[in-house]
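What you are looking at is a predicted structure, and each value in this text was computed from that prediction instead of being measured. In the text below, chain A, chain B and the rest are named by the order of the sequence lines, each starting its count at 1.
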Amino acid sequence: MIDVALLRSDPGGLAESFRRRGLTVDVDALVLLDEERRRARAAAEDLRASQNRAGKEIARLSGDEKVAAIAAMAELAEQYRTALADADALDFRFESQWMPLPNPPHSSVPVGHGEQDNVEIRRWGELPSFGFDPADHIDIGERLGIIDMERAAKVSGSRFAYLKGQAVFLEFALVQWALGRLAAEGFTPVVPPVLVRDPALFGTGFFPGAREQVYAVGVSDGEGNVTSDDMYLVGTAEVPLAAMLADEILPIADLPMRFAGFSTCFRREAGTYGKDTRGIFRVHQFDKVEMFAFVDPERSWEEHEYLVSVEESLVQALGIPYRVVDVCTGDLGDSAAKKYDIEGWFPGQGAYREITSCSNTTDYQARRLRIRCRGDGGTSIAHTLNGTAVAVGRTLIAILENNQQSDGSVIVPEVLQTTMGRDRLTP
RNA sequence: GGAGAGGUGGCCGAGUGGUCGAAGGCGCUCGCCUGCUAAGCGAGUAAGGGGUCAUAAGCCCCUUCGAGGGUUCAAAUCCCUCCCUCUCCGCCA
C-alpha cells in the first residue's frame with residue numbers, strides 16, 4: 001500500500017508514477033475522495049466527542065435528572081451512528097481503490113511494457129562452447145535418469161516432475177551450500193510454514209491482485225464440492241517470511257534483519273498456457289532458498305544492491321554465465337519499486353533466462369503488514385526486500401546444460417562436490 | 001474430534017456497565033542521592049488516525065483491553081461469530 005501522504009503532498013508525481021507503469025489512474029478523483037472521507041471522519045468524531053462528554057455527565061447524575069439526560073441522548077446517539085456509517089463507507093470506498101495501486105517505481109527504473117524492455121546492466125562469465133550440439137536439460141536429465149516428467153504427468157498432470165537419484169542429492173547439496181553461505185553472511189536460516197492464511201497474502205501484495213496464481217486448500221466431499229479452509233499454498237517463502245514480523249515494531253539498532261527461508265513453492269501458472277512447456281523451467285511446484293530483509297527505510301537502496309551482490313556471488317560460485325537486468329516498469333510486480341533479475345545462460349535454449357529475482361518493495365508490504373521500526377526520530381514504516389538465493393529447478397537446469405559433456409555426463413560445480421560426494425553425474 | 005479455562009500496556013497482573021487508556025508491580029529512561037555497586041527518592045514511559053498548523057513544536061479530538069459484529073444514552077465489563085493459548089479425554093504418529 002502506498003503512503004496516503006503522497007496523495008496529499010504530490011498527487012502529480014503519483015499520477016506520473018502510474019503513467020510510467022502504463023496505468024491510467026484518476027488521481028484527482030482519489031484526492032477528492034480522500035478529502036471527503038476525512039471530512040466525514042471529522043464530523044463523526046465530533047459527534048462522538050459530544051457523546052463522550054455527555055456520558056461522563058450522566059454518570060454523575062441520578063434520579064429524574066439522569067433519566068431526562070439519558071432520554072435526551074438518544075438522538076445524538078442516532079446521529080453518531082449515521083455519521084460513523086458514512087465515514088466507514090467512504091473509508092471502504094477509498095481503501096478499495098487505494099489498496100490495489102502499485103508501488104511507485106524508483107526514478108531509475110526503465111520505462112517499458114514487458115520483458116523485452118528490461119535493460120541489461122552487466123554480464124558475467126564465458127558462454128560454454130561445446131564440440132557437439134548441446135542437449136537441453138530434459139534430454140540430459142532423462143538420459144541420466146534423474147528427471148521424470150512423463151510419470152509426474154500421470155500422477156499430477158502437466159508441469160510437475162519427479163527428481164530422482166543424483167538430482168536429489170544435487171538439490172540438497174545446493175540448498176545446504178546456499179544456506180551455509182547465507183548463514184555465514186549473517187542471514188538466519190528459516191523453514192517457514194508454506195500454508196498461510198489470507199492476511200499473509202494480502203500483506204505481501206499477492207492478494208487481491210494475483211489470486212488466480214495461488215492454490216487454495218480445502219476439504220472435498222468426493223463429489224466435486226470443496227469447502228475452502230481459507231488456507232493457501234505459498235508461491236514463495238517471501239510470504240511467510242514477510243508476514244513473520246507483521247504488527248511488530250523493530251528497534252532500528254537491530255536492523256537489518258536478514259533471513260534465508262527454504263520452502264517448497266506452489267504456483268498455478270494461470271495464463272501461461274503453451275509457455276515454457278518443456279522441462280522443469282516452469283512448474284507448479286519447486287523448492288527455493290529465498291532471502292528476505294527488514295531494513296531501515298534510509299538504507300533500503302544499499303540493501304538492494306547488497307542482496308543482488310549476494311545473488312551474483314552464488315551464481316558465480318556455481319559457474320553459471322549470467323547477465324543482470326534492470327526490470328522495466330511494465331514487468332515489475334505491484335509491490336516492487338525496483339527489481340533486478342539475474343538471467344542465467346541456458347545452452348539448451350540458447351538464451352538467458354531468469355534464475356533469480358531481487359526486489360526492493362520499500363514500505364509497500366511493510367505498511368500493509370504494519371511492520372515498523374523505532375529509532376531516535378520515532379517510529380516509521382520499515383522497508384522490506386526479497387531476493388532469490390537458489391531456485392532449485394532453474395539452477396539445476398543451468399548446471400545440467402552448462403556442464404554437460406560429450407559422453408552425456410555432467411560435471412558437478414566444484415563448490416558442491418564435497419557435499420555431494422561426487423564430481424560428476426553419470427548415467 | 002469432545003469437555004473445560006483463558007487472551008488486558010515492553011512484561012506480570014487488577015478490573016463484571018458510567019468518574020477506566022485502564023490500579024499495583026516489574027522493566028526501561030531522565031533527575032536527585034550515594035566511596036563504587038546495590039538500595040532509596042522524584043518524574044516520565046503505547047500505537048494509530050484526524051483537526052489546528054509550516055504535512056514543525058504545541059494544543060485539541062477520536063480509536064485501540066485477541067479479531068469482527070450486536071445490545072445500550074454509555075462496553076475491557078453483557079450477547080453472537082471467528083482466531084489463538086492452556087488443561088483433560090479421544091484419535092493418529
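- Between A:R374 and the phosphate of B:rA47, there is a side-chain N or O to OP1/OP2 separation shorter than 4.0 Å.
- Checking B:rG18, B:rC61, B:rG21 against every side-chain atom of A:A59, the shortest atom distance belongs to B:rG18.
- Taking 4.0 angstrom as the limit, A:N52 places a side-chain polar atom (N or O) nearer than this to OP1 or OP2 of B:rU63.
- Taking the ring centre of A:F346 as origin, the terminal cationic atom of A:R353 falls outside the region bounded by 6.0 Å and 45° from the ring axis.
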Based on Watson-Crick and G-U pairs with both distances under 3.5 Å, what dot-bracket line describes RNA chain B 5' to 3', crossing pairs as [ ] and inter-strand pairs as |? ((((((((.[[[..)..(.....]]]((((((.......))))))(((((((.....))))))).[[[[[..)....]]]]])))))))....

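- Atoms CG (A:L369) and P (B:rG48) sit 16 Å apart, rounded to a whole Å.
- Here B:rG50 presents its C1' atom at 16 Å from CD of A:E36, a figure rounded to the nearest Å.
- With hydrogens and angles left out, the side-chain atoms of A:T384 and A:Q365 include a donor and acceptor closer than 3.5 Å.
- With 3.5 Å as the limit, one finds no donor-acceptor pair spanning the side chains of A:S357 and A:T388.
- Checking A:N360 against A:S300 by side-chain atom types alone, a donor-acceptor pair falls below 3.5 Å.
- Separating the CG atom of A:D88 from the P atom of B:rG49 is a distance of 17 Å, rounded to the nearest angstrom.
- For the P atoms, the distance linking B:rA38 with B:rG31 amounts to 15 Å, nearest Å.
- Atom C1' of nucleotide B:rG7 and atom CG of A:D247 are separated by 16 Å, given to the nearest angstrom.
- Electrostatic pairing of A:R19 and A:E16 counts as a salt bridge here, judged by a charged N lying under 4.0 Å from a carboxylate O.
- Using atom C1' as the reference point in both B:rU8 and B:rU16, the two lie 14 Å apart (nearest Å).
- For A:S9, the side-chain atoms get nearest to B:rU55 when compared with the rest of B:rC62, B:rG18, B:rU55.
- Between A:T379 and B:rG48, a side-chain N or O to OP1/OP2 separation shorter than 4.0 Å is present.
- Each of A:A5 and A:A54 was assigned the nucleotide of RNA chain B with the nearest heavy atom; the assignment lying further toward the 5' end belongs to A:A54.
- Between A:R37 and B:rG49, a side-chain N or O to OP1/OP2 separation shorter than 4.0 Å is absent.
- The same atom, P, is picked in B:rU19 and in B:rG13; the two are 25 Å apart, to the nearest Å.
- Taking atom C1' on both B:rG25 and B:rG9, the two are 13 Å apart, rounded to the nearest angstrom.
- Here A:R372 lies in heavy-atom contact (under 4.0 Å) with sugar-phosphate atoms only.
- Using a cut-off of 4.0 Å between Lys/Arg side-chain N and Asp/Glu carboxylate O, A:R278 and A:D139 are scored as salt-bridged.
- Taking for each of A:I249 and A:R53 the nucleotide of RNA chain B with the nearest heavy atom, the 5'-most of the two is the partner of A:I249.
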What does the B/S/- profile of nucleotides 65-84 of chain B look like, 5' to 3', with a 4.0 Å heavy-atom cutoff to protein? --------BSS-------SS

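- Using a 4.0 Å heavy-atom criterion, one finds that A:R60 contacts no nucleic acid atom at all.
- Remark: the backbone N or O of A:F292 is not paired with any side-chain donor or acceptor of A:E238 at under 3.5 angstrom.
- A cation-pi arrangement, defined by a distance under 6.0 Å to the six-membered ring centre and an angle within 45 degrees of its axis, is absent between A:R151 and A:Y162.
- Between the C1' atom of B:rG48 and the CG atom of A:D363 lies a distance of 16 Å, rounded to the nearest Å.
- The NZ-C1' distance, from A:K56 to B:rG18, rounds to 10 Å in whole Å.
- Taking the six-membered ring where the residue is Trp, A:H284 and A:F160 present tilted rings, their angle falling between 30° and 60°.
- A:R211 forms a cation-pi arrangement with A:F207, by the criterion of a distance under 6.0 Å to the ring centre and an angle within 45° of the ring axis.
- Using a 4.0 Å cut-off, some side-chain N or O of A:R38 falls inside it from OP1 or OP2 of B:rG51.
- If you take atom P in B:rA22 and the same atom in B:rC82, they sit 33 Å apart, rounded to whole Å.
- Taking atom CD on A:E45 and atom P on B:rG51, their separation rounds to 9 Å, with Å as the unit.
- Rounded to whole Å, atom C1' of B:rU52 lies 12 Å from atom CG of A:D46.
- Between A:D230 and A:R197 there is no salt bridge, since none of the side-chain N atoms of the basic residue sits less than 4.0 Å from a carboxylate O of the acidic one.
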